[in-house]
Structures are given as structure tokens and as C-alpha cells.
Amino acid sequence: MKLVWLRNDLRRLDNPALFYACDTQAGVTAVVTLTPQQWQLHSEAPARLALWRDQLIALKADLAELNIGLRVLQLNRFDQVPVALQQLATELKADTVYFNYEYPLNERQRDRQVCAELEAAGVRCLGYHGELIIPPGQVVTGQGGMFKVFTPFSRAWRQQYLQQLPEPLGMPACQPELTPSDRLPDDLGFKALAAALMPYDSQRWPVGETAVHARLNDFIECAVTDYASQRDFPAVDGTSRLSPYLSIGALSPLQCLQCLKVESGSDAWLDSIWMNELIWREFYRHLLVAWPNMSRLEPFRPEVEQRISWQHQPALFDAWCRGETGYPIVDAAMKQLLTTGWMHNRLRMVVASFLTKLLRVDWRLGADFFMAHLIDADFASNLGGWQWAASVGADAAPYFRIFNPQIQSEKFDPDGDFLLHWLPELTDVPRRQRHLPGAGQAMGRPAPIIEYKSARQSALDDYQQRS
DNA sequence: TGTAGGTTCGG
DNA sequence: CGAACCTAC
């Protein structure tokens, strides 16, 4: 018997752990570990957990077609996982546990402890890099170190990719006999965890193999060519909207790239801007592995952060969290996040720049807030993005890159469609004035919590200061 | 994956 | 007077 420990890899196709477990036809049981207390410590977003649950429910049925049963271990913290898995392996007489690596420090430590426990009990542990296209450590500089800048990393990454030409794995082999699942209600026992979950728009984020692959194909066939011109407009559905699926592993990045490559029918996919987004994801994961302090919330460039005096003003942070800064584009973006669990990528940059540069609130608070709310929350990409915005990351934005919320709004939501959708109070404000800080105050919108010009100047003075 | 403030050029 | 371009932050 083989055990497959599923985590954020809820898919049958191109799942190395699952594929190789099924290879031997020795009988396979899948297992998940529920650790609500750990989720809380990690600020796991309730919408993301609900998506994960629903994808797991769909996957359970798909696994049954391969004669693979599902066991659910109800635990609390990571430190309870080793013994629980060892006991299950013993009960099922499993000789091997398969899983796909996760890269944050706590997860890696958990996996090390699990493997130690299992191996002490005579059970083999096999890990795979199913979450990445190219495994960590395989894209390095001439000196053998990790790239600190994206562009050369991207060049080396493409070279590596063309050399190896990895192909996604197919459907795992069907097992001789259905292994028994836990007897669980239809919701797999998640009812007890209701407090940790939040409903999300299941029309926008359908789960299950068919729906997820339909979404991928639809994007690649219809939208990827317009991606470069459309992706920056929050009122337009111009992004792939695949990130939640990548986050829970309903899709692998290799499947995304393969789909792009096959559909393009030429070498055009090599120039696709969208491919860059997949490579950014690889970049930040490689970085997380090469540099453990990233998991500990250390900035990549402490010498820059040292110059910054974070303002500890809870009232300002709270106003940002609630979407009541008085800056329409910032507030509309935050309301989109609070209501739907998702925020358009351009707006993530706008609100992150606003929080770190204009309010000068520590980027860690923003990063934690995003983790707690985003349906596509991703530890590595989130840290990378926030450090980028705060100018303390690898290949960070220059410190003087400060977004002007009003200009961003006028440029990327020229008709104010996005603003109106989330801030209907602005309906009667003349079109041109909707972008202004303080717009709609007569209709109950908040006054601006900071004055842009002076806040920008303070940030410049702060970041610029010689040490 | 920026902005401000300048200059130049054409209508 | 605005668009286009340049440069420092």
C-alpha cells in the first residue's frame, strides 16, 4: 500500500506524488491533514480554505474513479502531523508516503519531522517538486548562487526550460481495488471548521478538474493574446484568474505553460508576457528556498529597511484595511478584497504602495492582511510582492517609485467603472472628479486620511536618508 | 509594473 | 495649451 499526502496539490493530472505512488499498482490511499490552529497562526484566508475544501470534495470523487480512497486526519497543529501520519501508515500497512514539497519554512520543518517519524517506523518518504516547473536550486548564477534580480533569472530560467523541456505527467494508473475512505459527511467534516471558512463566489471560481481545465483553456484560447493590453484595467476581466487554482494546486504551473505552448502552435508563446508571471512565481519560490530568512519576514535588503521609520498608527492601518482612506481607487480595491477575497493585480500594487510609502506602515502588516483575505494567497509571491512594493525586496522597485493613487485611477479606470461598482456613493460625482481624493464626501465618503504631496515627500526623505 | 517638473514642438 | 519627451528623485 502507498499513501499520498495531499496538501496544496489538489489535482490528478501532473501530480508527481500521486503519479509515482500509482505507478506500482500496489494500492493507493490519499490523506489530508486538517490543522485549523496552524491555519490561524498562518493567517490562512477563509475564502481560500473554502475553495480548497470544495476542490478536495471534487477530487475525492475523481480519485475514487482511480480506486483511491481518501482519509481525513482532523488535527490542530503541524506538530501533531508526524505521529498521526505514522499511525495511519501503520494501520494501512503502507510502506511509502508520497508528497509534493511545499517551500515555506514551517512547512519544510513539518515535512522533515514527518519523514523522521515515518522512517523510524520503517516507512519510506518520497518528495517531489510538483509545485514548480524547474526545481529550486536549478536556476543559478555562474557563481552557483541564487539570482537577486528577476530579468537575469528569467533569462536563465528560460534557457533551463528549453534545455530540459519538462512535460506534464498524465493521469495516474488506476489501482486494482478501491481503498476505503473515511466515513464522512458530504462536506468531509468541514462543518466543524466553519469559523475558519468563508463563502466565495463559486460561479467565478468553479472547482473540479473539468471546470478548472475549461478555465485554463478558455484563457489560453481567447484571452492570453489580449493579456498584455487588458491586464491592467480592473474593470475588465483581462487577467487569467488562474491564481487561486495555482494556490491550492488544482492546476500546476507546468500545465499552464504546456497549454500556452501547445495552443500557440508556433514559438509565439516564448514572448508571451503572461509567461513572465509564471516565472515570477518560480523566482519567489526559488528565493524562499535559497534564503530561509524570507520565511522569517526578514527583508531581502535590510540596509534599505533600516532607513525607514515605520509609522505605528493603528488608525491609519485600520482605515486602509476597511477601505476608508478617502482615496477612491484604494478604497474600491480594498472593498473588492473584503467582499470577494480577490483583488486585481494592478490594484494590489496601488494599495501596497499606498500602505508602505504614503502611510508608511510596515509591509509585514499589509502582507499578513493579504494572506488573511486573498483567495489566491501564496506565501512566497505575497512576501516577494510586498517587499517589492516597500523597496526592500530582491529586484525591488526603486525607493522613489511611489504610486500616485489618483493618476493610477485615471490611467487604469478612466471611465470610473470600477470605482462606481464598489463605491456607488460616487454615482452623482462628475466623471472627472471621481478619481480625486475626498470625492463624494457629501455622499458619506470619508475625508482623505493623508495629504498626498506631503506624504510622498516624507517617504522620499525617509528612504533617501544616508546611513 | 512610477511621478514631477522641466523643455520642446506643433496646432 | 496640450502632447511628447527628458531627467532626477
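Each chain gets a letter, A, B and so on, in the order its sequence line appears, and its residues count up from 1.
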Results of side chain to side chain donor-acceptor pair (under 3.5 Å) for [X] - residues two or more places apart only:
X: Asp54(A); answer: Tyr200(A)
X: Asp378(A); answer: Arg285(A), Ser381(A)
X: Glu282(A); answer: Trp157(A)
X: Arg7(A); answer: Asp111(A)

- Query: What does Lys357(A) touch in the nucleic acid at a heavy-atom separation under 4.0 angstrom: a base, only the sugar-phosphate, or nothing?
  - Reply: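 The answer is nothing, as Lys357(A) stays clear of every strand by at least 4.0 Å.
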- Message: Mind checking if Phe412(A) touches a base, just sugar-phosphate, or nothing, with heavy atoms under 4.0 Å?
- Response: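 Touches nothing.
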- Which residues satisfy the ring pair (Phe, Tyr, Trp, His ring centres under 6.0 Å) test with Phe190(A), sequence neighbours excluded?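 Once residues adjacent in sequence are excluded, Phe190(A) has no partner under the ring pair (Phe, Tyr, Trp, His ring centres under 6.0 Å) criterion.
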- Message: Going 5' to 3' along DNA chain B, between which two nucleotides do contacts with chain A fall, using a heavy-atom cut-off of 4.0 Å?
- Response: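 That gives a stretch of dT1(B) to dA4(B).
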